[in-house]
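Below is one structure, written out as structure tokens, with a few remarks after it.
Counting starts at 1 for both ligands and their atoms, following the listed order. We're numbering straight along the sequence, starting at 1.
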Amino acid sequence: MFAGLSAQSPDKIIGLMQAFRADPRTDKVDLGVGVYRAPDGTTPVMRAVKRAEQRLWEEEATKSYTALEGDAGFHAALSGLLLGPPPEDRLAYAATPGGTGAVRQALELLARANASLCVWLPGPTWPNHPAIIDHLGLKRREYRYYDPATQCVDFDAMMADLARIGPDDVVLLHGCCHNPTGADLTLPQWQEITAHLGQTGALPLIDIAYLGFGDGPEADAQGLSHIVATLPEALICMSCSKNFGLYRERTGLLMALSPNLATRDIVQGNLSNLNRQNFAFPPDHGARLVTMVLNDPALRRDWLAELTEMRNRMQSLRGALAEVLRAESRSDRFGFLTAQRGMFSLLGASTPQVAALRETHGIYMIGDSRINIAGLPENDLPRLARAFLDAGL
Ligand code: LMR
């Protein structure tokens, strides 16, 4: 039977993570997978999460099943964080194994609704987006998003490409902290896109995995909140991996906005059924921790404070790297690093330059030259900057 299988090429992010672990050099630098790192290089459990875990250990009386769509308290707490008071009578939910689980379930829901639809992806995007779409046999197209020459969103090109969408199209948007470019849409741009989606009847699918890493949870949700307040339908995939540091607990939420209660109920039935088909009940441990943190005023305050520390650290690392690169290169061409947001930026290196940095200097980044800002070694930035310039950047 297994003779019918073909070999799979490794996912480029996960493959790099494995290559880094296997590299024996002690001065190697991991700028690959999107995992937050403290100054000592570790990815700690967040303080409020640790305290919630202690409390959960004391108080939890059962490990029996939750609902197929996950716990209603988790839905309310997370959608409340994202949307303020959410439009409850129009939202259906599925708790999922991480943000990836939410993306997968969203696309499966769409495939059920309309198998001939086409998903428009930003160029570039997170590589698992096209991979899941291809796996499900859906059609996809790319819209222009990032202009490497200006290191900014090319909004005119984006809107020119999206001029071709219609009611059988889905437009995937990154809610904030675009992965891999760090180049985000402004609120007026979100408003223009929303109006266009409303006119054409295309559906927005918003992937938000880095809420709070850009300008804070409220500011980061502005664009998608406008969509929810304006359009009849939308899908939102949220991850708690990064902003709650719950990576391996697999904590995510899919939210589906419907035009009315009757449609919401049908969507909810489909989401519960899709969870049942794929894994029955979603993981609950991380979801319960998030619910406790968000519902307890003291834990929530401490979580927000630590999230702010993490965001500020990434922003200051951006500034510090831009500054050493400016000094070493005697040019301002790396100034874009401070204008971008979140965990990632594209350095603009070619594939051979990325390979040379890995082979010669032990500096690991994704093949498109995406760097994880949180992985920058703050005490070793001049060495890093010289290596970038040596490689021809
Ligand atoms: C990333 O982009 O590095 C993260 O979202 C981790 C992953 O699963 O790819």
Side-chain angles (χ1 to χ4, degrees), residues 8-21 28-38 41-44 46 96-107 121-135 145-146 172-184 205-214 220 236-254 279 282-283 286 290 307 310-311 313-314 317-318 340-347 349 354 357-358 363-376:
Q8 298 290 313
S9 43
D11 175 280
K12 63 180 184 176
I13 296 174
I14 308 305
L16 191 79
M17 188 168 110
Q18 286 159 353
F20 180 82
R21 283 183 181 163
K28 61 187 176 177
V29 179
D30 184 6
L31 305 180
V33 68
V35 169
Y36 179 79
R37 291 187 204 288
T42 61
T43 303
M46 292 180 79
T96 55
T100 306
V103 171
R104 173 68 183 258
Q105 297 298 69
L107 289 164
L121 297 174
T125 193
W126 182 52
N128 222 9
H129 288 146
I132 297 174
I133 291 168
D134 293 350
H135 176 72
Y145 181 80
Y146 180 73
L172 189 143
L173 299 158
H174 293 226
C176 66
C177 306
H178 184 270
N179 180 3
T181 68
D184 281 345
L205 166 56
I206 303 157
D207 189 1
I208 182 145
Y210 297 89
L211 182 84
F213 274 24
D220 291 350
I236 302 171
C237 305
M238 187 165 174
S239 169
C240 300
S241 294
K242 330 279 166 162
N243 47 13
F244 286 87
L246 283 167
Y247 307 89
R248 66 177 65 168
E249 297 295 352
R250 311 312 296 138
T251 309
L253 183 65
L254 169 58
F279 42 78
V290 167
L307 184 64
M310 291 157 77
R311 177 173 66 254
R313 174 172 145 72
M314 289 184 280
L317 280 168
R318 285 181 174 279
Q340 296 172 349
R341 283 289 176 275
M343 213 173 216
F344 307 118
S345 281
L346 290 176
L347 271 187
V354 169
L357 282 165
R358 189 170 60 243
I363 299 170
Y364 283 70
M365 64 186 72
I366 311 297
D368 57 5
S369 80
R370 186 194 83 171
I371 56 167
N372 173 9
I373 298 291
L376 289 167

Please answer whether the main-chain N or O of Y364 pairs with a side-chain N or O of K28 as donor and acceptor at a distance below 3.5 Å.
no
Protein residues near ligand 1, heavy-atom distance below 4.0 Å?
I13, V33, G34, W126, N179, Y210, K242, R370
Aromatic ring proximity Y145/H178, centre distance under 6.0 Å:
yes
When you compare the side chain of R104 with that of H135, does any pair of heavy atoms fall below 4.5 Å?
yes
Salt-bridge contact R37-D30 (side-chain N to carboxylate O under 4.0 Å):
yes
Residue of the set I206, T96, N243 for which side chain to side chain contact (heavy atoms under 4.5 Å, CB included) holds with M238
N243
Begin from the C-alpha positions of F20 and V33 and carry the test side-chain contact (heavy atoms from CB on, under 4.5 Å) through to its verdict.
CA-CA 10 Å; F20 180 82; V33 68; over 6 Å; no
